[in-house]
Amino acid sequence: MALTGIEIFKMLPKTNCKECGFPTCLAFAMALASGKAELSACPYVSEEVREKLAEASAPPIRPVKIGMKEGEKVIGGELVMFRHEKTFFNPPLIAGLLTTAMSDAEVDAQIDAFNKMQFERVGLMLRPEMFAVKDMGDAAKFAALAKKVADKSDAAIMLMSDNADALKAAAEAVKDRKPLLYAATAANADALGALAKEMGLPLVAKAEGYDALAELTTKLTGLGLKDLVLDGGARTLKQAFQDQVVFRRAALVPKFRPFGFPTVTFPCEMTDDPMKEILYAATFISKYGGIVVLSSLEPHRVFPLLLQRLNIYTDPQKPMIVTPGIYPINNPDENSPICITTNFALTYFIVSGEIEGSKVPTWLLIMDTEGLSVMTAWAAGKFVGDAVGMFVKKCGIADKAKNRTLIIPGYAAAISGDLEEELPDWKILIGPREASHIPAFLKAQ
Ligand code: SF4
């Protein structure tokens, strides 16, 4: 049973020494109770109290680290059912499936696609992170395939085999990558539990039925394993989706420890229809997959999932913003038109997309409005004549372009008079209200 902040506070030293990074023991206790701090941050808790508080201080869903070549990715560690309650923290890893039944050419093509696949959005690089490497009954080929993935990519690796010896050999071959082992079942829990413990690797626990899975994770944690990932075994959308919700709710609400781990999901095993597979994957990105395994990684299939993941795992309490500055689109020169808008990411996406689509070389000025859209920023006094004028003078566009016509958003037409006073050398042109009219507007200039 979870302890309240006050109950935890009563057991702390109450010296307010601040060494934990919090100003008082009470603040630390509150953070501990809500899973935002780790007990180990306080060096002065006695062993006896430490044991008592272990239950209360552990996060409801354990963050599990899985290695990529450069650094680690974390899955799990979530604190809420719905992102609007707070935020989701650790995006699910998107994985491609490689099997020992695939030809060398198929494997090489998938690794090549993985290495090339990255998309820039709002200043972030979006890409898949993982390969699930599956043994189809050839242990030597399995280890070689795992090694090839490690050598030729920076991907995180999940090793999948029914054969404990094959799993061990493959894990040895890529142990620096800290692979995730798949999967301990009721039948092999002792062997795989021992292997994961010996090598210090995270392990998937797989069982169908909630009682069976809870029993399995309890057994594995009893063996001393902490980094577990859940597979409820279902391969239908309905049951697998229900499992995700049950695991999350059980872990958060009654803090049911046997389900307090991230999950792995397999859209690739639920359908042969490529479109359905992506829709299933999208379901698990929303609720509540820790890893989502796809049958193949192709840009047109992965891209929408990456965008969806970006949106779901963006903090809803902080507006998405882009960096203010000058964005050249379609290779503008000194005579190209100059547009300006706000740094609300959605505004930037839409406006820059329309300008790009118009193929008209254009300078796009993005002004810092703390992530507010044009209308809201204008109403809040952040996108008004003097502020916009000041930004245009300071941003450096005058050094890049001779053109002195500034196109402002149609929704900000009211600032044109003030802006003309602020920028006497400039001609202020009122652009369209709707972004979809931008291409025709630019072509007419
Ligand atoms: Fe209190 Fe421990 Fe934090 Fe010091 S380190 S303020 S004793 S909780």
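Quick note: numbers below take in every heavy atom, side chains included, and nothing from hydrogens, waters or symmetry partners. Read the numbers this way: they start at 1 and go in the same order the structure lists the ligands and their atoms. All of these numbers come straight from a predicted model, not from anything done at the bench.
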Judged by atom type as modelled, is there a donor-acceptor pair below 3.5 Å linking the side chain of Glu72 to the main-chain atoms of Lys65? no
Verify, without hydrogens or angle tests, whether Arg50 (side chain) and Val45 (backbone) share a donor-acceptor contact under 3.5 angstrom. yes
Using a cut-off of 2.8 Å, count how many protein N, O or S atoms are strictly closer to atom 1 (Fe) of ligand 1. 1
Heavy-atom check, side chain of Gln244 versus side chain of Thr263, under 4.5 Å: yes
Do Lys382 and Asp368 sit within salt-bridge range, that is, some charged N less than 4.0 Å from a carboxylate O? no
On the 0 to 90° scale, with breaks at 30° and 60°, tag the Tyr288-Phe88 ring pair as parallel, tilted or perpendicular. perpendicular
Evaluate the criterion ring pair (Phe, Tyr, Trp, His ring centres under 6.0 Å) for residue pair Phe284 and Phe241; output intermediate values, then yes/no. CA-CA 7 Å; Phe284 297 123; Phe241 175 72; 7.3 Å; no
